[in-house]
Amino acid sequence: MMNKMKKILAFSIAGVLLVGTIIAPIQAAMVASEEQVEGANVLIDEYCNNVAAGTVVAQAPELLTSKQTPAAATPAPAVTPKPTAKPAAAKSAHVELNLNYSRLGIANKVDTYLNVRKKPSESSKIVGKMTKNSGCHVYKVKKGWAKIVSGKVKGYVKSSYITMDKKAEKLATKVGRECVEIQTDSLRVRALPTTDAPIYSVVSAGEEFTIKKNNLTLDFVKKIVKKEKISKEAMEKAGGYEAIQKGMGDFICIYVDNEYAFVAKEYVKEQYSLKRAVKVGTVSASKSSGISSSQASIVEYAKQFLGNRYVWGGASLTGGTDCSGFTMSLYRKYGHYLPHNAAAQAGVTRSVSSPKPGDLFFYSNGSRINHVAMYIGGGMVIHASNPRDGIKISNAYYRHPVKIGRVM
């Protein structure tokens, strides 16, 4: 395992986080595939309303793929992905990571997250947050403050909360993880390791996903089929186990939030990864922007729980929660009572095309809505993702959402 860790690629910090400030309307077609093709439109409103009303069990909505791009949408230009490069030989004694550094720092001496400030002062503006075990490059340390860069965040952190130099490099081999970085936009992720399998989700270029298993075996695939309760129809569409076995060497199994999916090796780059800081601004009520005091308040409240535990079925903001338990508990504080189910929450929220802080982003696994996150502005969401990351902040379009819902 250690030898494999030391062979992975380094890449530039510049492309780490996608923090777009202009959000494309959700109705726009999504271009996605192992090869670029025209989009898919997921019809979910009626399904979500029925789930919310209790007339149906939260399962699979219709997934309709049109051969033509909807009139309101503009197809994205074709992209020719670069083939996955083989790991380069190490040029130094450094452990090669998904960030550039001369002096490595890891924020491991915190319980949940570490604030990154604009200036070396506790009263200075917070410009970002590093969840526990995030990595950074340390420029210098002076009077108890370290000047750092992590991802797209530059600023200062209390040096007493980070481990540096050789101790950090040793620590990196324990707290880092093997990931894939998506190399083309937008990429279809499959429910099974074949291009004939149903689409699990569509993911964006530059996003990272933790590897569950690289060298797939048929026994492993069978376990996934059982665990994820993949339908007989999906198996037939994929051609059965015989067809899967022939092509599964071209795929990697990854975690997408708290479930498994498969991605084609041709369109990803494997690397050893440390988490990085994310930009976090303060949301304020404003008439000009149309942000209410309640919308601003719930976002600032949600950020307090960054880094806390993920627990499937949980609804405790401090003790452990899953994705819908997280949004349910946040809104309950503000007098709004949402069901503890992502699809049902989609059913009781009204659809909007341009998100505002506090809105909910809903994601599908191709057959049903299986994840929900809260929009916090700046193109980012906060969500209870999985047991490895807990409550985290992500690019809102790390997966293509199927609905944006507004509660208040």
Side-chain angles (χ1 to χ4, degrees), residues 26 44-45 47-58 111-113 129 131 257-259 278 280-286 289-352 355-364 368-378 380-387 389-394 396 399 401-408:
I26 195 67
I44 62 167
D45 284 345
Y47 160 71
C48 294
N49 291 334
N50 289 337
V51 171
T55 57
V56 299
V57 178
D111 292 328
T112 53
Y113 64 86
K129 293 181 183 291
T131 51
D257 292 312
N258 198 36
E259 293 186 2
V278 290
V280 178
T282 300
V283 175
S284 302
S286 169
S289 63
I291 299 174
S292 69
S293 58
S294 295
Q295 289 171 323
S297 179
I298 196 171
V299 167
E300 295 307 306
Y301 177 62
K303 292 176 190 174
Q304 299 177 34
F305 307 104
L306 179 66
N308 282 355
R309 294 175 61 211
Y310 175 98
V311 174
W312 189 87
S316 170
L317 297 173
T318 54
T321 182
D322 60 15
C323 65
S324 59
F326 180 58
T327 50
M328 178 186 73
S329 298
L330 293 174
Y331 268 103
R332 184 168 55 198
K333 178 178 171 62
Y334 290 81
H336 298 273
Y337 296 90
L338 299 177
H340 193 170
N341 177 279
Q345 288 184 10
V348 297
T349 56
R350 65 184 187 277
S351 295
V352 295
K356 291 183 180 180
D359 287 345
L360 300 181
F361 273 56
F362 296 96
Y363 306 92
S364 168
R368 60 183 173 83
I369 288 175
N370 70 331
H371 196 66
V372 59
M374 177 182 284
Y375 187 65
I376 60 173
M380 310 300 283
V381 291
I382 187 168
H383 56 131
S385 177
N386 58 65
D389 297 320
I391 298 172
K392 65 186 288 189
I393 291 174
S394 302
R399 296 166 64 182
V402 295
K403 178 177 179 177
I404 301 173
R406 183 163 296 164
V407 179
M408 57 187 182

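- The distance from the CD1 atom of I382 to the CD atom of Q304 is 10.0 Å, given to the nearest 0.5 Å.
- Distance check: K392 NZ to L306 CG gives 10.5 Å after rounding to the nearest 0.5 Å.
- Between the side chain of Q345 and the backbone N or O of P339, at least one donor-acceptor pair lies under 3.5 Å.
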Next item on the list: List the steps, then state whether side-chain contact (heavy atoms from CB on, under 4.5 Å) holds for Y375 with I404.
Entry: CA-CA 9 Å; Y375 187 65; I404 301 173; over 6 Å; no

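- Nearest heavy-atom pair, F362 versus A342, reported as atom, atom and distance to 0.1 Å: CE2-O, 3.2 Å.
- Scanning both residues, N258 and P387, for their nearest heavy atoms gives OD1-CD, 3.1 Å.
- Note on ring orientation: taking the six-membered ring where Trp is involved, the planes of Y301 and F305 are perpendicular (angle over 60°, cut-offs 30° and 60°).
- Smallest separation of non-hydrogen atoms from A384 and H371: O-CE1, 3.3 Å.
- Residue C323 holds its SG atom at 10.5 Å from CD1 of I369, rounded to the nearest 0.5 Å.
- Two residues are said to be in side-chain contact when any heavy atoms from C-beta on lie closer than 4.5 Å; S284 and I291 fail this criterion.
- In this structure, CD1 on I393 lies 4.0 Å from CD1 on I376, to the nearest 0.5 angstrom.
- Within the 4.5 Å cutoff, no side-chain heavy atoms of Y331 are placed close to those of T349.
- Here OG of S297 is found 7.5 Å from CE of M408. Values are rounded to the nearest 0.5 Å.
- Here the side chains of R399 and F361 are not in contact, with every heavy-atom distance at 4.5 Å or above.
- Across every non-hydrogen atom of V407 and R350, the tightest pair is O-NH1, 4.2 Å.
- Formation of a donor-acceptor pair under 3.5 Å by the N308 side chain with backbone atoms of I391 is not found in this model.
- At distances below 3.5 Å, at least one donor-acceptor pair connects side-chain atoms of K356 with backbone N or O atoms of G290.
- Counting only residues at least two apart or in different chains, salt bridge (charged side-chain N to carboxylate O under 4.0 Å, His left out) contacts with residues 292-314 comprise E300-K303.
- For the pair M374 and L360, the minimum side-chain heavy-atom distance is below 4.5 Å.
- For Y113, there are no side chain to side chain donor-acceptor pair (under 3.5 Å) partners, not counting sequence neighbours.
- Closest of all the heavy-atom pairs between K403 and S351 is CE-OG, 3.0 Å.
- Under the 3.5 Å distance criterion, the side-chain polar atoms of Y310 are left unmatched by any main-chain donor or acceptor of H383.
- Side chain of S329 to main chain of F326: no donor-acceptor pair is present (N/O by atom type, distance under 3.5 Å, no hydrogens or angles).
- Y334 and S294 share no side-chain donor-acceptor pair at under 3.5 Å.
- Salt bridge present: E259 and R368 bring a charged side-chain N and a carboxylate O closer than 4.0 Å.
- Annotation for V299 and G358: closest pair CG2-N, 3.5 Å, computed over non-hydrogen atoms.
- The salt bridge (charged side-chain N to carboxylate O under 4.0 Å, His left out) contacts involving residues 316-344 comprise nothing, where partners must be two or more places apart or lie in separate chains.
- In this structure, the separation between CG on L330 and NE2 on H336 is 12.0 Å, given to the nearest 0.5 Å.
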